[in-house]
Amino acid sequence: MAAGRSTSKSARATTATARTRPSPTSAGDSEGMLINIDNGGTLTDICVVEGRKVWRTKTLTTPYDLSKCFLDGLAKASKAIWGEEDLVRLLRGTAHIRYSTTQGTNALVERKGQRIGVILGGAIKAEQLRRGHEDLFDALVGERTAVLDSKADDATMEMAAVRAVNALSSAGANRVVIAFAGAGRSANEIRLKKLLLRKFPPHLLGAIPLLYSHEVVEDDDDVRRAWTAVFNAFLHPAMERFLYRAEHKLRENRALNPLLIFRNDGHSARVAKTIAIKTYSSGPRGGMEGSRALAGHYGFPRLLTMDVGGTTTDIGLVETRDGRGTVRSHRRGRVEGVEVSFPLSDVVSVGVGGSSIIRVKGDAIAVGPESVGSAPGPACFGLGGTESTITDAFLVTGLLDPATFFGGELRIDPERARKAVGERVGEPLGLSVEDAALAMEKAWVAKVADSLRQFTSITPDTVLAAFGGGGPFVVCRVAEAAGISRVVIPGLAAVFSAFGLGFSDIAHTYEAPLTSADAEGFKAALAGLTEKARRGMFGEGFDMAQCQVRKSLQIIESDKERAVDLKSDRLPAGLPAKARLVLTLDVAKPIAQPTLSGDFKGPRSVARVAGKRRVLAPGAEVARDLPLYRVEDQKPGASAAGPAVLEEAFFTCRVDAGWTFTINQAGDILLQKG
């Protein structure tokens with residue numbers, strides 16, 4: 001990670017190394033600061049990199065207008081750099097702004113978003129979409145479905161389609177997805193689009209958006225393509241409104257280059273070149289990119305990641321071979337357990353975070369998936385929230401200090417926390433406020449640990465990476481419950497997903513099926529795809545000569561898919577006769593990326609104690625005074641044993657008995673049991 005020490009409680013300047021891989025230069029590649037922003041459900045994280053320096057800060061997410069917290073965070077970052085807010089100066093000195101968000105992930109986890117209607121044609125039926133995913137389908141679509149006969153003549157089709165759209169609209173749909181099946185699906189959807197444009201022209205006020213599956217993706221799997229279109233329709237409106245508003249405000253403040261959206265595939269692109277579904281879980285993927293670099297740097301064979309935000313805990317796995325970390329991913333990714341047409345990293349978002357609502361159901365404690373977010377936030381925020389959260393519980397047990405929470409910028413109220421914990425959990429279970437808080441912690445830890453075990457097998461060489469604002473809280477207890485004995489907390493843990501965005505380039509993937517698997521057919525397909533890529537990268541502001549191009553061939557046999565890299569502009573020999581072939585171009589324009597430093601091999605010294613904190617921990621009958629170690633005050637190699645409390649501006653960690661911690665020259669923390 002980046003080495004360095006804090007310059008203030010709320011914004012930390014550190015040092016890192018930024019590198020640009022060899023590539024031709026252009027105006028869009030001019031030297032300047034790199035800004036990474038990760039927008040979460042509760043907090044928005046900002047990380048600014050310039051050469052070897054890194055500044056970071058946070059601001060409360062404003063769900064009513066995400067562009068507000070976007071600009072608020074940038075203004076805070078400028079103050080961290082120069083001591084006073086100067087947004088124009090910051091933007092004029094910035095080469096690229098990369099942005100990710102968990103808004104789409106959170107919307108699907110909480111089932112809050114657009115009401116989708118679906119019109120199907122051909123051999124695909126609603127029951128095929130619903131099978132195995134009943135709860136999700138009912139939440140997004142429900143009974144808002146209609147079927148058209150793709151063989152009908154135009155007049156009959158038009159009449160049936162108008163009735164279907166009107167019926168779905170009357171049933172509450174505010175967006176309609178149209179998905180036909182079979183070899184003629186694109187032609188049928190295009191025919192229907194021409195018919196419906198006459199009846200529902202999009203320029204009319206209140207016109208319901210009609211979305212066609214072939215315009216989202218070309219995929220021979222009808223169910224997968226239809227689900228992909230449904231997810232895209234669900235996520236699109238909120239993403240579009242915010243992103244274009246943010247772009248407009250950046251232009252008003254004289255930003256040099258367009259806003260870049262970080263996608264789940266690990267790359268970035270302009271807003272106008274990104275579709276909504278590719279932003280799904282993009283925030284967690286940022287954390288995975290940072291973890292990939294972290295695992296490769298330290299040589300961790302299996303790095304299991306736990307990114308705890310306000311609404312979700314995002315879990316992924318990085319495996320390292322030959323010093324290179326690889327994020328576990330799938331060519332056909334999964335969204336909420338449903339296979340989609342695009343590649344996605346294998347990250348699971350569990351509805352448990354620092355702002356997840358904890359309440360009693362029956363005689364048990366239930367954690368999430370609903371979250372209070374940042375508005376109104378946990379009860380202790382004093383913004384009108386009355387639900388109890390783990391943040392309230394940790395304030396009750398003394399782990400959190402109102403004077404230092406959120407760098408001292410957000411005052412939290414212990415009495416409001418006690419009231420919420422007592423009313424929501426203590427009274428229903430007949431427990432004192434303190435015992436209720438400990439019971440909340442136990443339930444919260446169990447849900448996170450169970451999710452880790454369900455995601456992957458825990459092996460002796462598994463290391464747990466804990467980041468996000470809530471990742472370090474009680475990570476020792478989570479690790480023990482999951483059967484893990486080593487934990488790493490990155491030095492930029494609180495903004496690690498934002499930092500991870502910095503490991504992305506501006507890139508796109510272009511695909512085309514090969515209708516003819518001979519030399520001429522391949523040559524024509526490659527030429528057409530190359531031209532499409534040329535136009536796409538020109539839209540990003542770059543010439544193909546500035547880009548790195550990787551060609552591959554997807555070979556699809558039955559339900560199996562494999563990729564073969566192409567080293568030349570010729571088809572490889574020995575292709576299966578009946579396989580379907582898809583030509584793929586991955587085109588990337590490299591931009592500056594950070595490198596990591598630090599190790600845990602140097603001599604150790606006794607960590608410097610900053611004071612004491614009275615904390616009630618599980619297994620203790622009364623609260624005890626634990627030594628408090630401030631991360632920013634420690635020298636490289638500083639080490640101590642628990643029980644203790646580790647704290648820096650944006651995270652707090654309880655180091656339990658039996659665990660030791662070591663802080664290296666980069667500010668990364670290694671926790672070990674035994």
Side-chain angles (χ1 to χ4, degrees), residues 291 294 298 300 302-308 313 315 352-354 367 390-391 393-401 437-453 455 458-491 493-494 496 600 604 607 609 612-620 623-631 634 638-648 650-664 667-674:
S291 298
L294 196 71
Y298 287 118
F300 295 137
R302 297 182 86 248
L303 187 64
L304 180 60
T305 65
M306 181 182 79
D307 177 5
V308 183
T313 291
I315 300 169
V352 51
V367 182
I390 198 65
T391 304
F394 288 145
L395 185 55
V396 168
T397 61
L399 178 60
L400 299 180
D401 183 352
L438 292 177
M440 290 167 65
E441 178 188 321
K442 181 178 180 181
W444 192 88
V445 166
K447 186 167 182 177
V448 175
D450 287 347
S451 299
L452 293 173
R453 289 194 299 266
F455 181 79
I458 305 300
T459 59
D461 60 356
T462 298
V463 177
L464 181 62
F467 51 91
F473 270 150
V474 287
V475 66
C476 295
R477 196 171 180 204
V478 170
E480 285 185 1
I484 299 171
S485 59
R486 284 201 301 168
V487 173
V488 62
I489 302 174
F496 193 62
F600 292 102
R604 297 187 179 183
V609 179
K612 294 182 178 180
R613 181 165 299 173
R614 183 168 289 272
V615 179
L616 176 63
R624 297 172 54 193
D625 286 332
L626 303 183
L628 173 67
Y629 300 92
R630 298 204 182 280
V631 177
Q634 306 306 322
S639 183
V645 175
L646 266 174
E647 186 174 76
E648 61 110 76
F650 291 121
F651 75 74
T652 302
C653 173
R654 192 183 70 214
V655 182
D656 291 332
W659 289 78
T660 59
F661 71 82
T662 302
I663 303 174
N664 69 12
D668 297 335
I669 303 167
L670 184 66
L671 293 162
Q672 299 184 87
K673 184 181 179 182

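What you see is a predicted model, and the numbers here were worked out from it, not measured in a lab.
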I need the minimum non-hydrogen distance between Asp668 and Gly491, along with the two atoms involved. OD1-N, 2.7 Å
Quick one: pull up CZ in Phe600 and OG1 in Thr662 and give me the separation to the nearest 0.5 Å. 7.5 Å
Test item: Val308 and Trp444 side chains (from C-beta on) under 4.5 Å apart, heavy atoms: yes
Taking the side chain as every heavy atom from C-beta outward, state whether Asp401 and Leu628 have any atom pair closer than 4.5 Å. no
Could you tell me whether the side chain of Ser639 and the main chain of Phe661 form a donor-acceptor pair under 3.5 Å? yes
State, with a plain yes or no, whether a side-chain heavy atom of Arg613 is found less than 4.5 Å away from one of Leu626. no
Between CD1 on residue Ile663 and CD1 on residue Ile669, distance to nearest 0.5 Å: 4.5 Å
Could you state the interatomic distance from CE (Met306) to CG (Leu464), rounded to the nearest 0.5 Å? 5.0 Å
Side-chain H-bond candidate by donor/acceptor type, Thr652 with Glu647, under 3.5 Å: yes
Keeping Lys673 on the side-chain end and Glu480 on the backbone end, is there a donor-acceptor pair under 3.5 Å? no
Using a 4.5 Å cut-off on heavy atoms from C-beta on, say whether the side chain of Phe467 contacts that of Thr305. yes
Distance-minimising heavy-atom pair for Ala437 and Val396: CB-CG1, 3.8 Å
How long is the span from the CZ atom in Arg604 to the CG atom in Asn664, to the nearest 0.5 Å? 10.5 Å
Step through the shown structure and confirm whether more than 12 heavy atoms of other residues, nucleotides or ligands are within 6.0 Å of CZ on Arg624. no
Heavy-atom pair of closest approach, residues Pro490 and Ala466: CD-O, 3.5 Å
Nearest 0.5 Å please: distance from the CD1 atom of Ile458 over to the CZ atom of Arg453. 8.0 Å
Minimum heavy-atom distance Leu294-Val488, with the two atoms named: CD2-CG1, 4.1 Å
For Cys653, run the side chain to side chain contact (heavy atoms under 4.5 Å, CB included) check against Leu671, Leu399, Val474 and tell me which one passes. Leu671
Quick one: does Arg654's side chain get under 4.5 Å of Pro618's, heavy atoms only? yes
With side chains defined as the heavy atoms from C-beta onward, is the minimum distance between Leu303 and Tyr298 less than 4.5 Å? no
Do Phe651 and Ile489 have side chains that get closer than 4.5 Å, going by heavy atoms? yes
Please round to the nearest 0.5 Å and tell me the distance separating atom CG of Leu438 and atom OG1 of Thr397. 7.0 Å
Quick one: closest heavy-atom pair of Ala393 and Met440, and the distance? CB-CE, 3.8 Å
Flag side-chain contact, heavy atom, 4.5 Å: Phe473 against Glu441: no
Heavy atoms only: give me the nearest Val615-Val645 pair and the separation to one decimal. CG2-CG2, 4.0 Å
